[in-house]
Participant: 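Structure below; questions to follow.
Note on naming: letters A, B, ... go to the chains in the order of the sequence lines (proteins, then strands), and numbering restarts at 1 for each one.
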Amino acid sequence: MNTTQNLCKTLLQNPSSVKSKSQAKQLHAQILRTSLPSPSLLSTILSIYSNLNLLHDSLLIFNSLPSPPTTLAWKSIIRCYTSHGLFLHSLSFFIQMLASGKYPDHNVFPSVLKSCTLMKDLRFGESVHGCIIRLGMGFDLYTCNALMNMYSKFWSLEEGGVQRFCDSKMLGGIPEPREIGKCSNSHDLPCELDERVAGIDQNGDLNQMSNILYQVNTYKKVFDEGKTSDVYSKKEKESYYLGSLRKVFEMMPKRDIVSWNTVISGNAQNGMHEDALMMVREMGNADLRPDSFTLSSVLPIFAEYVNLLKGKEIHGYAIRNGYDADVFIGSSLIDMYAKCTRVDDSCRVFYMLPQHDGISWNSIIAGCVQNGMFDEGLKFFQQMLIAKIKPNHVSFSSIMPACAHLTTLHLGKQLHGYIIRSRFDGNVFIASALVDMYAKCGNIRTARWIFDKMELYDMVSWTAMIMGYALHGHAYDAISLFKRMEVEGVKPNYVAFMAVLTACSHAGLVDEAWKYFNSMTQDYRIIPGLEHYAAVADLLGRVGRLEEAYEFISDMHIEPTGSVWSTLLAACRVHKNIELAEKVSKKLFTVDPQNIGAYVLLSNIYSAAGRWKDARKLRIAMRDKGMKKKPACSWIEIKNKVHAFVAGDKSHPYYDRINEALKVLLEQMEREGYVLDTTEVLHDVEEEQKRYLLCSHSERLAITFGIISTPAGTTIRVTKNLRVCVDCHTATKFISKIVGREIVVRDNSRFHHFKDGKCSCGDFW
DNA sequence: ATAGGGTTAG
C-alpha cells in the first residue's frame with residue numbers, strides 16, 4: 001500500500017474530483033499497471049472520461065468492456081454522445097441499453113431527452129416520457145426539467161412542422177403511422193425487443209428504432225386515434241404542448257431555479273408574455289430570485305413590446321446583481337435598446353461587455369441595420385471579421401439589407417461570394433435577403449436566378465421577389481408570382497399586399513389593384529395601412545384619375561400623411577391639373593408644413609403653366625421660411641467608383657467629352673423624331689436657354705458618361721434623385737434605341753428599364 | 001437540466 005494507491009482509491013470513490021484529462025489518464029494508467037481491472041472499475045474510469053467530455057477515450061473503454069456493459073457504462077456513453085451533438089448515436093445506445101435488459105435510471109434521461117429535443121423527434125421524446133413515468137422517474141428534478149425543456153422546444157417549432165429528423169435528407173422517407181398501444185399493460189420490456197434491436201446497425205435507421213421504442217412505451221397516449229401531430233393546427237399544438245409543460249411543472253415535488261426558468265422561457269418564446277411575467281413574480285414567492293437566465297428570457301418580451309422603461313428596469317436589476325458583464329444579458333440588452341430605437345445605448349452596452357461572441361456581434365450589427373444606420377452596421381461587421389469571429393447565417397442575413405439600402409452591389413457580391421464559400425446559400429433568410437439586395441441594386445435577373453434556385457419559399461422570400469418585380473415595373477411577373485404564392489398555400493401578409501399593389505401602381509393596372517385591395521381587406525382581414533392607401537392613390541394619380549384619387553385619400557380611415565398627398569401632387573403635375581394641385585397643396589401644407597418637396601412641386605406646376613408670378617411667390621415664401629431645396633443629382637457606378645452629376649455640372653474631369661457626346665446624341669435623337677418638351681422647364685428664360693437647361697440634366701450627363709466609359713452592349717445603370725420628368729423619360733427611350741443598350745434608371749426606389757426605345761413601366765410613372 | 005441574435009416595407 002503506497003500513497004499512489006491511496007490517491008487512486010480516493011479519486012475512484014469520488015470520480016467527479018478528477019478535473020483534467022491528464023489526471024484521468026494517469027489514474028487509468030495506474031489502474032492498468034497494478035491489476036486487471038474489473039468491469040465496474042473500468043466503468044468508473046469510463047464515467048470519468050465521459051464527465052470530461054472525452055468521447056474517444058470513453059469509447060475505447062466501452063468497446064473493451066465484456067458484454068453486457070454495466071448501467072454506468074451505458075449512461076456515460078449516452079451522455080458523452082449527447083454532449084458531442086451525436087444525438088442519433090446517443091439514442092441508438094439508449095435503445096441498445098434497454099434491449100440489453102438494463103433499466104435506465106434518473107441521470108440518463110436528461111441526456112436522452114436533450115437528444116430527442118435537438119433532433120426534433122417528437123414521437124421518440126413522448127415515448128421516452130412514457131418510459132419515465134413507467135419507471136417512476138416522473139418526480140426527478142433533472143428529468144422533469146429536461147422534459148419541460150423538450151415540450152417548450154416542440155411548442156416553438158414552426159407551424160406545419162413537428163419536424164422529425166427522419167423527414168430530413170439524412171435518413172429520407174417518412175415512416176408510416178404505426179398503431180399505438182401494442183403492449184399496453186406490460187411492465188416488463190418485451191423479450192423480442194432484444195432480437196429486433198440486435199439487427200440494427202449502430203449508425204443505422206433510428207427511424208426503425210424509434211418505432212420499436214414507440215411500440216414498447218405506450219403508456220402516454222398522446223394524440224387520439226392515430227392522428228399524427230403534423231396535422232394538428234397551431235392552436236391545438238399550443239394547447240397540447242403548453243398543457244404537457246404545465247402538467248410536468250405542476251407535478252414536480254420540488255422546483256429549482258432551472259425549473260422556473262424553463263417554464264418562463266417556454267411561455268415567453270411562444271408569445272405567452274403575460275404568463276411568463278406572472279411566473280417571474282410567482283417565482284419570487286417561492287423565494288427564488290431571477291438570475292441571468294430569467295432576465296434573458298424576459299428581456300426579449302420588452303424588446304418586442306418596445307417598452308424601454310421596463311427594459312431599463314431589467315438593465316438596472318442586472319447591474320445591481322452583477323449580471324451586466326454576461327454576454328447573454330448583453331446581447332438581449334443590445335437587442336432591446338435597438339428595438340426601442342436607442343442604438344446609442346446598444347453600442348454602450350456592447351462596448352461595456354468584457355468579451356464578444358458571435359451573437360453579441362450579430363445583435364449590434366442587426367441593431368444598426370434595422371435602424372437605418374447602414375454604414376455603422378458595415379463597420380461592426382468588418383470589426384467582427386477583424387476580431388476573428390466567423391460570421392454565421394444570422395450575421396449575413398442581418399448585414400445584407402445594408403448593401404440593399406446603400407445599393408452597394410460590389411459589396412453585396414463580395415458577401416454573396418463569402419456566403420457561397422461558407423455554404424450558407426441554402427438558408428431561406430439569406431436567400432431572401434440576397435433576392436432583395438440584387439433587386440434593389442438593379443439586377444432583377446440575378447434576383448430571379450437566386451429565387452429560382454431556392455428549395456423552399458416562405459412568405460418573406462415570395463414578398464422579396466414580388467417587391468423586386470414591382471420596383472422594376474414588371475407588374476405581370478409580380479402578379480403571377482403573387483398568384484403562385486396563394487396557390488401554394490402561403491398566406492400573404494401586410495407587406496406582401498404592399499408589394500403587389502406597388503406593382504399594380506407602377507404599371508397602371510387599376511382593376512387588378514382594386515381586386516387585391518378588396519381581397520386584402522375581405523379575404524385576409526388585413527386592415528389597410530398608409531402604404532396600401534398610398535399605392536392605390538398613387539396609381540389613380542398616375543393613370544390620370546385625379547379626382548377619384550382625391551376622394552379616395554379623403555375617405556381613408558386613417559389620417560393621410562404628407563407623403564400620400566405628395567404622390568397626388570406629383571400626379572397633378574404630370575397631368576397638368578392646376579386647380580386640384582392647389583387644393584392638394586393646401587391639405588399638404590396643413591399636415592406637413594415643412595415639406596420642401598411640396599413647395600417645389602407646386603412652384604414647378606405654376607412654372608410649367610407659365611404662371612411665373614405664382615411660382616416666384618412660392619420660392620420667396622420658401623426662402624423666408626429658411627427652406628432650401630437640395631439640388632437634384634444623379635450618379636452612376638462604374639468600376640466600383642461612383643460618379644455624381646448635378647444639373648449643368650461641369651466639374652467632372654471628362655466634362656468636355658461628355659458634352660461632346662451629348663451633342664452628337666441629341667442630334668441623332670432629333671433625327672429619330674425626338675422633340676424637346678420645353679414646357680417642363682421651370683425657369684422663365686429664353687427658348688435657347690431652356691434647351692440648354694433640359695439637355696444638361698444630371699440624368700443625361702450620367703447616362704452619357706456611362707455610354708462613353710463602358711464597352712458597347714453593357715447595361716447602363718443610373719440612379720437619379722429627380723422627381724418625375726416627362727422629357728427625361730422620353731429622351732432616355734430614344735437614347736436606348738440609338739445606342740442599342742439597356743438603360744436602367746433608378747428613381748426613388750423605382751427602376752425603369754429602357755430598351756429599344758421602350759420603357760418597362762409603359763409610361764405610367 | 002435552463003438563456004441571447006436573422007430575411008420582405010411607395
Participant: Starting at NZ of A/K390 and ending at P of B/dG6, how long is that distance when rounded to a whole Å?
Facilitator: 23 Å

Participant: Can you tell me if A/N371 and A/T341 form a side-chain donor-acceptor pair at under 3.5 Å?
Facilitator: no

Participant: Do the rings of A/F249 and A/W260 sit parallel, tilted or perpendicular, given the 30° and 60° boundaries?
Facilitator: perpendicular

Participant: With a cut-off of less than 4.0 Å, is there a side-chain N or O of A/N145 near OP1 or OP2 of B/dT2?
Facilitator: no

Participant: Please list, by residue number, the residues of residues 330-342 of chain A whose heavy atoms come closer than 4.0 Å to an atom of DNA chain B; answer none if no residue qualifies.
Facilitator: A/S331, A/S332, A/D335, A/K339

Participant: Using the six-membered ring wherever Trp is involved, compare the ring planes of A/H474 and A/H472 and label them parallel, tilted or perpendicular (cut-offs 30° and 60°).
Facilitator: perpendicular

Participant: Find the distance A/D357:CG to B/dA3:P and express it as a whole number of Å.
Facilitator: 15 Å

Participant: Going by atom types alone, do A/T262 and A/N149 pair a side-chain donor with an acceptor below 3.5 Å?
Facilitator: no

Participant: Mind checking if A/S432 touches a base, just sugar-phosphate, or nothing, with heavy atoms under 4.0 Å?
Facilitator: base

Participant: Examine the side chains of A/R448 and A/N443 and answer whether a donor and an acceptor come within less than 3.5 Å of each other.
Facilitator: no

Participant: Could you check which of B/dT7, B/dT8, B/dA3 has an atom nearest any side-chain atom of A/K153?
Facilitator: B/dA3

Participant: When the distance from OH of A/Y142 to P of B/dA1 is rounded to whole Å, what number comes out?
Facilitator: 8 Å

Participant: Which part of the nucleic acid does A/A535 contact within heavy-atom distance under 4.0 Å: base, sugar-phosphate only, or nothing?
Facilitator: nothing

Participant: Students often get this wrong, so: under 4.0 angstrom with heavy atoms, is A/V327 touching a base, only sugar-phosphate, or nothing?
Facilitator: base

Participant: In whole Å, what is the span from the CD atom of A/Q269 to the P atom of B/dG6?
Facilitator: 13 Å

Participant: What is the separation between atom NE2 on A/H532 and atom C1' on B/dT8, rounded to the nearest whole Å?
Facilitator: 12 Å

Participant: For residues A/R289 and A/N321, is any side-chain donor paired with an opposing acceptor at under 3.5 Å?
Facilitator: yes

Participant: Choose from B/dT2, B/dT7, B/dA1 the nucleotide whose nearest atom is closest to any side-chain atom of A/T262.
Facilitator: B/dT2

Participant: With a non-hydrogen cut-off below 4.0 angstrom, is A/T502 in contact with a base, only sugar-phosphate, or nothing?
Facilitator: sugar-phosphate

Participant: Checking side-chain polar atoms at under 3.5 Å, does A/Y524 have a donor or acceptor matched by the opposite partner on A/E486?
Facilitator: yes

Participant: For the side chain of A/V258, starting at C-beta, report the closest nucleotide among B/dT2, B/dT8, B/dG6.
Facilitator: B/dT2

Participant: Using whole Å, what does the distance between atom C1' of nucleotide B/dA3 and atom CG of A/N270 come to?
Facilitator: 15 Å

Participant: State whether the distance check finds a donor on one side and an acceptor on the other, under 3.5 Å, for side chain A/S297 versus base B/dA3.
Facilitator: no

Participant: Do A/D335 and A/S363 have side-chain N/O donor and acceptor atoms under 3.5 Å apart?
Facilitator: no

Participant: Please check the phosphate of B/dT7 (OP1 and OP2 only) for any side-chain N or O of A/Q370 closer than 4.0 Å.
Facilitator: yes

Participant: With the side chain of A/F429 defined as its heavy atoms from C-beta on, choose the nearest nucleotide among B/dT2, B/dT8, B/dG6.
Facilitator: B/dG6

Participant: In terms of side-chain heavy atoms of A/E531, which of B/dG10, B/dG6, B/dT2 is nearest?
Facilitator: B/dG10

Participant: Describe the nucleic acid contact of A/D291 in one word from base, sugar-phosphate, nothing, applying a heavy-atom distance below 4.0 Å.
Facilitator: nothing

Participant: Check every atom of B/dG6, B/dT2, B/dG10 against the side chain of A/K114 and return the nucleotide holding the closest atom.
Facilitator: B/dT2

Participant: Will you find, in the side chains of A/T82 and A/S90, an N or O donor that is under 3.5 Å from an N or O acceptor?
Facilitator: yes

Participant: Please state whether the base of B/dG6 and the side chain of A/N427 form at least one donor-acceptor pair under 3.5 Å?
Facilitator: yes

Participant: Can you measure A/Y533 atom OH to B/dG10 atom P for me and round it to whole angstrom units?
Facilitator: 18 Å

Participant: Over how many whole Å does the gap from A/H416 atom NE2 to B/dT7 atom C1' extend?
Facilitator: 14 Å

Participant: Would you indicate, yes or no, if B/dA9 has its OP1 or OP2 atom less than 4.0 angstrom from a side-chain nitrogen or oxygen of A/K440?
Facilitator: yes

Participant: For the side chain of A/A433, starting at C-beta, report the closest nucleotide among B/dA1, B/dT7, B/dG10.
Facilitator: B/dT7

